[in-house]
Amino acid sequence: MALMTGAQYIESLRKLNTRVYMFGEKVENWVDHPIIRPSINSVAVTYDLANDPMYEDLMTATSNLTGEKVNRFTHLHQSTQDLMNKVKMQRLLGQKTGSCFQRCVGMDAFNAVYSTTFEIDEKYGTQYHENFKKFLTMVQKEDLVVDGAMTDPKGDRGKAPHAQADPDMFVHIVERREDGIVVRGSKAHQTGSINSHWHIIMPTIAMREDDKDYAVSFACPSDAEGLFMIYGRQSCDTRKLEEGNDLDVGNSKFGGQEALVVFDNVFIPNEYIFMAGEYDFAGMMVERFAGYHRQSYGGCKVGVGDVVIGAAALAAEYNGAQKASHIKDKLIEMTHLNETLYSCGIACSAEGAPTKAGNYQIDLLLANVCKQNITRFPYEIVRLAEDIAGGLMVTMPAKSDFESDMVVGKNGETIGDICKKYFVGADNVPVMDRMKVLRLLENLCLGTAAVGYRTESMHGAGSPQAQRIMISRQGNIEGKKQLAKDIAGIK
Ligand code: SF4
Ligand code: FE
């Protein structure tokens, strides 16, 4: 099958029997649900741009498995150029959607699982790599979205998986059969899970022998028997339920999505298993997936950052403040921070190297430095955007006020007239354009998109301390001490 279009992707979701719950109820038609649909639209852009000749080079690649043209989101990176193209593609999509477009977690899982299964098989003579290659060939041919799911709820952080009071705090094998395994547990805050055709599950931490049953990786369809999802709330999400209220939503077309994915004794046939007890490889899979996803943020957050900077510059213009030197300086600072993040994404890609399996991996130290900066700079970019935008971003009346014809003034002015009169900005700028850009900023900094741009910048792909541990492991302080000794003449 050729590459799907965005419209074909959306239709393909309708064929799934994915079980979705929101606000305590089952959502039957989740594809058209106003809270969910914007996140589906974002994923659809990953399809539409791949069919656009202008973006073909970035959005597609040649599969090493089939020799055919595939969407880059299903590709195994074959060079440092592929790694850099991945980051560029993510920046482009962030620019086009102003949100999380969700498909990267699968791409990062493909690359981590491909190389790790190769090394598990090498040590144990297992069949996991072949299983995975077969699975990915199907994904590439059918141009599917796969959710890469790693994060377990973890329960008591001071205890290992096997030592938890409730054994389900980490996904684990509850039964081993001739033809497969039965798994139980859940993965929390999973990006794009509802919008994915399949899921790849990976362990979330390095493990020891006692945790053998928790060292498990596999693929399963999103509508597998026993699997269901509970939708995550986002700030201001119910504005999307107000019919025709595109203004107050800020970005009515696109959004991100997270959910709790529950495995209530799900059967996984042998052919979809990529790890089942090889606990000594759990850490490798985690480290590689996290490394790829830390690289990813050097692309997607930068693209969304471009939209934040553009919106802040527009807000300044609509306020009539664009010539003030401090505004110009703040935009320079935002750009400097954003491009520093991009530099990290490109650098860890350019310094990548092949794995034993042949696909390319990023430089882990630089990818962790990239993500550590991501835990900080978007916050500063948002602070500056709010500084430039002014308080109206969070105090303006609703769209329905601007449109109200209820007479409230002594001279017959309506609520709409009053709002338009007092919220006007620079001469010749339509008042509603000023409101639109402020609502967009609200969405990006505090609203539904802030999940992806702010808090996910902190915790997605691992919280800041996880990167600091990797930086300390990879930083080679001993080697640096030797450099100092050599120059100082210390024997
Ligand atoms: Fe992709 Fe960024 Fe969303 Fe992760 S947060 S899935 S890298 S867009
Ligand atoms: Fe993420």
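In listed order, ligands and their atoms are each counted from 1.
- With atom 6 (S) of ligand 1 as the reference point, the heavy atom nearest to it among E456, K301, K86, Q102 is part of Q102.
- At least one N/O/S atom of C100, whether from backbone or side chain, sits less than 2.8 Å from atom 3 (Fe) of ligand 1.
- A heavy-atom distance below 4.5 Å is not found between the side chains of I201 and S217.
- Here the two rings, on Y272 and H199, have centers that are 6.0 Å apart or farther.
- Counting the atoms of ligand 1 from 1 in the order shown, those under 4.0 Å from a heavy atom of S296 are 7 (S).
- Closest protein heavy atom to atom 2 (Fe) of ligand 1: C300 SG, 2.3 Å.
- In terms of protein heavy-atom proximity, atom 1 (Fe) of ligand 1 is closest to C104 SG, 2.2 Å.
- Remark: R103 qualifies as a cation-pi partner of Y47 under the 6.0 Å distance and 45° angle criteria applied to the six-membered ring.
- In this structure the side chain of V105 reaches within 4.5 angstrom of the side chain of H293, judged on heavy atoms.
- Checking side-chain atoms of R72 against main-chain N and O of D57 turns up a donor-acceptor pair under 3.5 Å.
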